[in-house]
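Below you'll find the structure, written out as structure tokens, and then a few comments.
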Amino acid sequence: MSEQQGKMWSGRFREPLDPAFDHWQRSFRFDRQLLDDEVAASKAHALALEAAGVLTQDERSRISVALDQIAASGISEADAEDIHHFVEMKLVDALGDLGLKLHTGRSRNEQIATDLRLYIRFRIRVAIMHIAAWAQQLIEKAKTMGSAVMPSYTHLQRAEPVLVAHWLLAYVEMLLRDISRLEDCAKRLNFCPLGSGPIAGATLALDRNVAARELRFTAPTANSMDATSDRDFVLEYLNALTLVALHASRFAEEITLFSTAEFGFVDLPEAFSTGSSAMPQKKNPDLTELVRAKVGRVNGAAQAVVLQLKGLPLAYNKDLQETQEPVFTATTAMHLTLNLLAKFTAALNFRTDRMRAACQTGFMNAMAAATYLVHKGVPFRKAHEKIGNAVRYCLDKGCELDQLTLNELKQFGPEFEQDFFAAITLEATLDCHDVLGGTARHRVQEALKDAEGRVQNLIDIYGKVDLGAQEASHAGA
Ligand code: ARG
């Protein structure tokens with residue numbers, strides 16, 4: 001009798017495993033998160049076995065019912081090596097030897113490849129819903145901002161005034177790209193490894209389309225060696241999440257900066273800030289600081305997987321087990337972060353008075369002033385020079401361009417007329433950027449409507465079913 005009884009591979013062993021090694025090599029403490037996926041994949045395999053005549057219809061349906069019960073009861077402590085072992089043990093508890101039949105014609109190597117695809121496919125949906133919900137809050141905030149203005153920056157030096165809505169919509173664009181990257185990843189991973197066996201393909205004549213169809217995969221994977229060793233989708237997913245985290249970090253940094261007394265553009269919502277145990281006056285931007293740092297965790301996960309996959313020979317290697325934890329860590333981190341960002345964005349209170357005041361000094365209308373001269377027929381290079389001279393003059397005098405008299409202006413060029421002053425007001429400065437994607441007020445109105453439509457579209461696609469219901473049926477998601 002083998003010492004390894006109760007394991008899935010005991011037959012050939014005579015000596016017990018070293019207990020520390022045994023504990024260490026197991027994955028059950030983390031792959032338990034794959035329970036629903038393991039059950040869905042097992043039910044699909046049972047259907048393929050029935051189609052192949054290995055299980056009767058009655059056996060198959062008893063297996064399916066028992067598997068559903070296992071999923072419904074959830075994880076319990078068990079002496080299981082991994083989630084595959086756990087489900088098999090539970091199935092044998094429920095059905096005796098019939099439970100052992102399910103492993104006919106399959107291998108854990110194809111199971112884990114399938115489970116991970118199902119897990120990530122569903123978490124992509126959840127991530128997309130979270131991203132869309134955050135984008136929606138950014139859009140809502142942009143709407144309430146109306147024609148509020150703020151300085152924009154290049155090199156972190158004041159550049160030109162923009163609508164606050166224009167700035168917020170910049171983040172919406174980033175998020176829409178993030179969603180399309182995740183959708184792309186979901187498309188490419190949507191192939192079913194079941195039937196690949198441990199490496200060379202199942203030794204039963206399974207119709208692989210049966211399981212693929214049941215799990216709503218596009219098709220079975222084409223090569224068994226690739227299917228059991230491929231984790232490209234893991235890396236693609238983590239890289240896509242890295243970009244989400246990166247965009248979140250840029251937003252977080254801007255808000256952190258804008259909440260300083262030096263900027264004073266944002267009042268941090270108290271519900272999302274903390275105080276200092278030492279300095280009684282403090283309100284600290286902990287939320288945005290933590291969000292800024294999360295990309296380290298998420299990209300760390302992606303880096304870990306790169307290094308785990310590098311140089312791996314075909315096909316399955318136990319190294320691949322190590323790719324799971326980075327997926328779980330990054331997924332949880334991003335779902336929680338995005339959820340908070342949506343709430344935080346809704347609670348943000350912009351100091352539009354301070355933002356407007358910041359636009360009124362520092363010659364932020366200089367581009368508009370040069371453009372005025374261009375409309376009077378001055379080549380831009382020369383216009384740039386003339387306005388540059390006027391700015392220099394103002395700097396010495398300690399005033400802004402709109403405080404110069406027409407006579408003073410004429411020293412820099414005969415083209416200046418009385419209408420110059422109307423061309424460099426804050427509103428005119430915005431509206432002269434009248435191009436698609438520019439900050440002219442009517443352009444931003446259009447952009448707002450357009451972005452709202454695109455986000456609503458995504459919410460219609462991904463957000464119809466509530467999250468709880470989706471959790472329950474995510475193998476079909
Ligand atoms: N827990 C394993 C993993 O995640 C399952 C596959 C085990 N396969 C094997 N040949 N030992 O990689």
Side-chain angles (χ1 to χ4, degrees), residues 2-13 15-18 20-42 44-45 67 70 75 77-91 100 102-123 189 192-203 211 221 224-235 237-238 301 304-331:
S2 157
E3 294 284 349
Q4 308 294 340
Q5 226 184 4
K7 292 212 181 301
M8 298 176 94
W9 39 264
S10 48
R12 146 257 192 266
F13 280 76
E15 285 182 30
L17 289 191
D18 174 272
F21 167 64
D22 192 13
H23 177 77
W24 180 78
Q25 61 94 26
R26 289 170 178 232
S27 51
F28 187 52
R29 67 183 172 279
F30 50 85
D31 70 11
R32 57 184 58 200
Q33 297 180 65
L34 299 173
L35 175 64
D36 289 347
D37 310 290
E38 174 69 10
V39 163
S42 294
H45 179 62
L67 284 168
I70 292 167
I75 291 293
E77 279 323 310
D79 187 25
E81 185 169 318
D82 55 24
I83 187 64
H84 322 294
H85 188 201
F86 174 82
V87 171
E88 179 170 289
M89 287 194 318
K90 292 285 168 197
L91 202 58
L100 291 170
L102 182 62
H103 208 56
T104 316
R106 74 170 180 177
S107 151
R108 284 186 294 163
N109 298 353
E110 62 183 293
Q111 280 171 259
I112 185 59
T114 307
D115 293 359
L116 265 185
R117 284 173 192 249
L118 291 175
Y119 177 93
I120 292 178
R121 187 177 67 179
F122 178 57
R123 268 60 189 189
L189 71 69
C192 186
L194 289 183
S196 297
I199 179 164
T203 51
T221 50
S224 63
M225 295 182 78
D226 176 49
T228 49
S229 65
D230 169 29
R231 295 293 184 276
D232 293 2
F233 63 95
V234 171
L235 187 55
Y237 167 65
L238 293 175
V305 171
V306 169
L307 297 176
Q308 287 152 2
L309 298 180
K310 191 252 169 202
L312 268 193
L314 294 187
Y316 178 82
N317 299 273
K318 188 97 167 194
D319 310 45
L320 293 176
Q321 182 170 287
E322 284 283 303
T323 63
Q324 292 183 35
E325 282 167 291
V327 171
F328 299 141
T329 310
T331 300

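Remember, it's a predicted structure, so these values are computed and weren't measured experimentally. In listed order, ligands and their atoms are each counted from 1.
- Within the structure, the salt bridge (charged side-chain N to carboxylate O under 4.0 Å, His left out) test picks out the following pairs touching residues 110-120 (sequence neighbours left out): Arg117-Asp230.
- Between Leu116 atom CG and Gln33 atom CD the span is 11.0 Å, to the nearest 0.5 Å.
- Within 4.0 Å of ligand 1, the residues that place a heavy atom are Ser27, Asp82, His84, Arg108, Asn109, Ile112, Tyr316, Gln321, Gln324, listed by chain and number.
- Checking Leu118, Ile120, Asp232, Val234 one by one against Leu189, the side-chain contact (heavy atoms from CB on, under 4.5 Å) holds for a single residue, Ile120.
- The distance from the OG atom of Ser196 to the CD atom of Gln111 is 11.5 Å, given to the nearest 0.5 Å.
- Taking Glu88 as the reference, nothing meets the salt bridge (charged side-chain N to carboxylate O under 4.0 Å, His left out) condition, with sequence neighbours excluded.
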Scan the side chains in residues 319-327 for donor-acceptor partners under 3.5 Å anywhere in the protein, sequence neighbours excluded, and list what turns up.
| from | atom 1 | to | atom 2 | distance (Å) |
| --- | --- | --- | --- | --- |
| Gln321 | OE1 | Ser27 | OG | 3.3 |
| Gln321 | NE2 | Gln25 | O | 3.0 |
| Thr323 | OG1 | Leu320 | O | 2.6 |

